Number of protein chains: 2
Amino acid sequence: MIKVTIIGSGNVAQHLINVFLASAQIELVQVFARKKESVLHLLDFDKIVTAYTDLKEADLYILAVSDGAISTVSSQLPFVNKLVVHTSGNASITALDDKNRKGVFYPLQTFSKNKPIDFSVIPICLETENPTDFQLIDKVAKSISTAVFTINSQQRKALHVAAVFVNNFTNHLYQIGQDICEEHQIPFGILMPLIQETAQKIKTLSPQDAQTGPARRHDETTIQSHENFLTHDNQILIYKILTQSIQNHGKKL
Amino acid sequence: MIKVTIIGSGNVAQHLINVFLASAQIELVQVFARKKESVLHLLDFDKIVTAYTDLKEADLYILAVSDGAISTVSSQLPFVNKLVVHTSGNASITALDDKNRKGVFYPLQTFSKNKPIDFSVIPICLETENPTDFQLIDKVAKSISTAVFTINSQQRKALHVAAVFVNNFTNHLYQIGQDICEEHQIPFGILMPLIQETAQKIKTLSPQDAQTGPARRHDETTIQSHENFLTHDNQILIYKILTQSIQNHGKKL
């Protein structure tokens, strides 16, 4: 069994605790949390530590903390030359303190509290400074997911930005859809099959081939009628910018 | 059996032909197409007409034509006082010529050629000028879908605009995600589980509660680092506008 300790108690930490507890190949040694209560619903009291000095020997220490805390927390660890990885999409591997061996273990998913997740299909992006360490975190990743990728810091940052577009920004477009429905007393649920089909479609078609709508077919009458129909400046601005972006896509500007 | 004739041969017409041919409650009388070849793979040669004067008696004539053609085509029909409906999300019921009884039969979905669709879950939005006509198209709609709604022209237009946001614009965000991946030699498939989860999530959470990411948590360091990372002005502009929109959402401006 590979001995793993998690440092952190947020969304990512909690999902990792659950999935490691369920894995036959991983022994979850300890979890470091500022307050024991935050993870007490997940594991035994005596496995939770609140002082770095109480951390025991492990093969791998996973820092599931916010980007801004990676540097401080990794420098406060009371041991050297161990394998310490962070779970951030945006932070470089070099954000970790030099006194330990460094790596990244980045699960590319949106984690919400109270929404269970099937970890086995979540892509995990791995990076280490040396090959032996890579073998270890590769084993850990493959024990919980079937989608494990080698991704360097620059690529990981690109992925993180791309994820903001396809996840955070897409969700905001759902929000605008709901706002427009509410304004006109229409149940938002009417749009649900369309939303699901839009996501399903690109499993078999490229976004390029899946693109439909007035912007794509340069239907200026409909575009104008939509812009006139919208009442919020912010919605009109987003409508204009995205319509233009669809129309210019692939063109050399 | 309710006798239905379809006028048009595009995406929507073709999907309707398929689903009506499979329905036990509908008799597809004829299809009007400018060129017989365009629908010959779907139905018998002798059911396809290319002249309005060849149109036979039916209970319902469905105009599945482009928005701009609704007015001309409906005025060219060689009969009066029949029930004629269009299938547009954006056009008003009044776009139809006055000589026949008017209605709207709007299936709210994105139709791609070569991508089969389960019609039974597609919302169909109905509108007529009189209640008897409504009963008829309600029967037709319920024979092919379990999601039938009464939606007036104003609401339908709102739905159509909302659909552009959650479908066309969302697909364009997928496109940008793919562009960023390609630029950094990352397979776009890594983002697929995230895209699917983003769409699945709002089945159980409101877009408001499902919103995550640097914009939502006002993480200005990450936002700045993303904006610096992006190399295309167009992507930077969309990033800025959508980040701002998430941050201002719900505020009185």
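Quick caveat: nothing in here was measured; it's all calculated off a predicted structure.
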With a 4.5 Å heavy-atom cut-off, do [X] and [Y] have their side chains touching?
{"X": "B:P207", "Y": "A:F188", "answer": "yes"}
{"X": "A:I151", "Y": "B:I190", "answer": "yes"}
{"X": "A:I195", "Y": "B:N167", "answer": "no"}
{"X": "A:H172", "Y": "B:S245", "answer": "yes"}
{"X": "B:F229", "Y": "A:Q154", "answer": "yes"}
{"X": "B:N234", "Y": "A:N248", "answer": "no"}

Per-residue tally against chain B (heavy atom, under 4.5 Å) across A:I246, A:D233, A:L108 peaks at A:I246
Scored by heavy-atom pairs under 4.5 Å with chain B, the best of A:D219, A:N152, A:L230, A:T221 is A:L230
Please flag which part of [X] lies under 4.5 Å from any non-hydrogen atom of chain B: side chain, backbone, both or neither.
{"X": "A:T222", "result": "both"}
{"X": "A:V164", "result": "side chain"}
{"X": "A:N90", "result": "side chain"}
{"X": "A:Y174", "result": "both"}
{"X": "A:I176", "result": "side chain"}
{"X": "A:F169", "result": "both"}

Residues at least two apart in sequence or cross-chain that pass salt bridge (charged side-chain N to carboxylate O under 4.0 Å, His left out) with A:K203, listed by chain then number, are none
Checklist line | A:N168 (side chain) donor-acceptor with B:T212 (main chain) under 3.5 angstrom | finding: yes
Listed by number, the residues in residues 177-186 of chain A that come under 4.5 Å of chain B (heavy atom to heavy atom) are A:G177, A:Q178, A:D179, A:I180, A:C181, A:H184, A:Q185, A:I186
Please look at [X] and chain A and tell me whether the side chain, the backbone, both or neither of the residue comes under 4.5 angstrom of a heavy atom of that chain.
{"X": "B:H160", "answer": "both"}
{"X": "B:S225", "answer": "both"}
{"X": "B:A158", "answer": "both"}
{"X": "B:A215", "answer": "neither"}

Here the gap from B:Q175 atom CD to A:H249 atom NE2, rounded to the nearest 0.5 Å, amounts to 3.5 Å
Closest non-hydrogen contact found for A:H226 with B:V161 is CD2-CG2, 3.3 Å
Sequence neighbours excluded, the answer for side-chain contact (heavy atoms from CB on, under 4.5 Å) partners of B:A33 is B:S9, B:S38, B:V39, B:I48
- Message: Checking B:N171 against A:T198: is there a side-chain donor and acceptor pair closer than 3.5 Å?
- Response: no
Per-residue tally against chain A (heavy atom, under 4.5 Å) across B:G213, B:A162, B:A199, B:G189 peaks at B:A199
Those residues of residues 235-244 of chain B that come under 4.5 Å of chain A on a heavy-atom basis, listed by number, are B:Q235, B:L237, B:I238, B:Y239, B:I241, B:L242, B:T243
| field | Evaluation steps, side-chain contact (heavy atoms from CB on, under 4.5 Å), between B:M192 and A:I202 | value | CA-CA 9 Å; B:M192 203 54 78; A:I202 55 153; 4.0 Å; yes
